[in-house]
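All values below were derived from every heavy atom in this structure, side-chain atoms included, with hydrogens, water molecules and symmetry-related copies excluded. First the proteins, then the strands, lettered A, B, ... as listed; each starts at 1.
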2 protein chains.
Amino acid sequence: MTERPLQLLSGPTPERRDAARNREALLEAARAMVEQCGVDAVTMDAVAAAAGVGKGTVFRRFESRAGLMAALLDFREREFQTSVLRGPPPLGPGAPPLDRLLAFGEGRLRYNLEAAQLIGAAGRAGRRSAGVASFSAQHIAFLLRSLDVGGDVGYLAAALLAPLENVVLDDPATLADYPLERSISGWADLVRRVVGRVGDADTGSLARD
Amino acid sequence: MTERPLQLLSGPTPERRDAARNREALLEAARAMVEQCGVDAVTMDAVAAAAGVGKGTVFRRFESRAGLMAALLDFREREFQTSVLRGPPPLGPGAPPLDRLLAFGEGRLRYNLEAAQLIGAAGRAGRRSAGVASFSAQHIAFLLRSLDVGGDVGYLAAALLAPLENVVLDDPATLADYPLERSISGWADLVRRVVGRVGDADTGSLARD
DNA sequence: ACCCTAACCGGACCACGGTCCGGTTAATTC
DNA sequence: GAATTAACCGGACCGTGGTCCGGTTAGGGT
């Protein structure tokens, strides 16, 4: 009976060295393939072969194709979250709440459009990692409270987030085919209405109907 | 050179009789399988076999699995659209615009939750048929104009639609796990803010935070 | 009643995501 | 440094969505 001693300080021996090497090689191979051939061309067999590794290994490390994509996405997502939490204003802390909110909308929109293919391929796995959606929703909710918005702030935040995230849906529908500029100013208008400060800044010269 | 005569009155000879029979058999088989075993269990081979038909035929008729699901969905979608366009108030015409808008939100929400699995499986094909998303967006836009809402009404409509449709995303995120009641009243609150009639009716007794 | 052609049918075939298990190798202990 | 053990590796294997092409059939024209 070889009972393993408690190793509180050494950590949970998280990964063997060869495993780490392989994870690295796989991520790099996948990244390269995405960059060169687009997300759709990234096949599990191909990335395994490119990394000089068996297919089973890829699934062991990343669980599924979606998981692999999520791992690729993770880096960018962290980057975004960091610039919200600790970056320069108006996206980061320091600016007035409304400015931060509008900056968040634009930033998230750009992010989603840029990473659209990856996000789509990552599916639900992409959101799971680090609770992506809930981060955004909670941030919006926090800003809404700072603006003394009453009512069900949690739902309002989620509802405001939806049109930003929806751009990504492969759905050829409505939101996807608005040009970026129009989405940004449209969302800003929406937010001002929700917050109750309608005439505050440029609603732009948008037609009244 | 056997040139086909113009047949303006007889129509474009749309379908051969056996083809029609097969389409019917396939739809019925698929419907039954969905009802008994759930959407995921509906495999193309299985539905082909159940209809006593080759697999190629299924793809000829419905293009893809998503297309088949879209065809199944089509019936319900028409039903919904009809009750919006010609049904009884407040969903149908006759009620004041704001009432119709709120009724639309609730109706669409219920519809999306009820048909969630099917909608997910139909993917973009589900929206394509009869321009589903654009119908909803245009209806909302119409009601907003009736309420004298200014600004970019097209975008506002799409943005209001997003949190209703998003419920369906397999995404475990934010919007999906609000209970129906809370979504309904939350959306109603959102709409009143956008329209500019905040105190009009029951915002409910929702906590201020 | 016969023929002609276009449309249709079906199942063999392919690619890709995902699973499994026997052999291999890294870390740890003595 | 040898033995032990647990984790890892890899490629053969499976199910499913989707394609393709040779044989078949419906239906109009003569």
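Comparing Ala66(B) and Gly54(A) against DNA chain D, the residue whose closest nucleotide sits nearer the 5' end is Gly54(A). When each of Gly52(A) and Thr43(B) is assigned the nucleotide of DNA chain D bearing its nearest heavy atom, the one mapping closer to the 5' terminus is Gly52(A). The 5' end of DNA chain C is approached more closely, in terms of each residue's nearest nucleotide, by Asp45(A) than by the other of Gly56(A) and Asp45(A).
In this structure, Asp18(B) atom CG and dC9(C) atom P are separated by 5 Å, rounded to whole Å. Between Leu68(A) atom CG and dG18(C) atom P the separation is 11 Å, expressed in whole Å. Here the C1' atom of nucleotide dC9(C) and the CE atom of Met44(B) are 15 Å apart, to the nearest Å. Remark: P of dT19(C) and NZ of Lys55(A) are 11 Å apart, rounded to the nearest angstrom. Atoms CZ (Arg65(B)) and P (dT19(D)) sit 15 Å apart, rounded to a whole Å. The separation between Arg21(B) atom CZ and dC9(C) atom C1' is 12 Å, rounded to whole Å. Rounding to whole angstrom units, CZ of residue Phe62(B) and P of dG18(D) are separated by 14 Å. In this structure, Leu26(B) atom CG and dC9(C) atom C1' are separated by 12 Å, rounded to whole Å.
Classification of the Tyr178(A)-Tyr155(B) ring pair by plane angle, with boundaries at 30° and 60°, yields perpendicular.
Among the atoms of the strands shown, only primed sugar atoms or phosphate atoms (P, OP1, OP2) are found under 4.0 Å from some heavy atom of Arg61(A). If you check every strand for non-hydrogen atoms under 4.0 Å, Arg60(A) touches a base.
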**Prompt:** Could you walk me through whether Arg23(B) and Leu27(B) pass the side chain to side chain contact (heavy atoms under 4.5 Å, CB included) check?
**Reply:** CA-CA 6 Å; Arg23(B) 120 107 94 312; Leu27(B) 276 177; 4.0 Å; yes

**Request:** Check the pair Glu28(A), Arg31(A) against salt bridge (Lys or Arg N to Asp or Glu O under 4.0 Å), reporting the backbone distance first and the verdict last.
**Result:** CA-CA 5 Å; Glu28(A) 175 53 28; Arg31(A) 203 193 51 72; 2.9 Å; yes

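Between the side chain of Arg16(A) and the base of dA7(D), at least one donor-acceptor pair of N or O atoms lies under 3.5 Å.
The shortest distance between the side-chain N/O atoms of Ser64(B) and the OP1/OP2 oxygens of dG17(D) is not below 4.0 Å. Taking side-chain N and O atoms only, Asn22(B) has no distance below 4.0 Å to OP1 or OP2 of dC8(C).
Within 6.0 Å of atom OH in Tyr111(A), more than 12 heavy atoms from other residues, nucleotides or ligands are found, so the atom counts as buried in its surroundings.
The main-chain N or O of Asn166(A) is never found under 3.5 Å from a side-chain atom of Asn166(B) such that the two would form a donor-acceptor pair.
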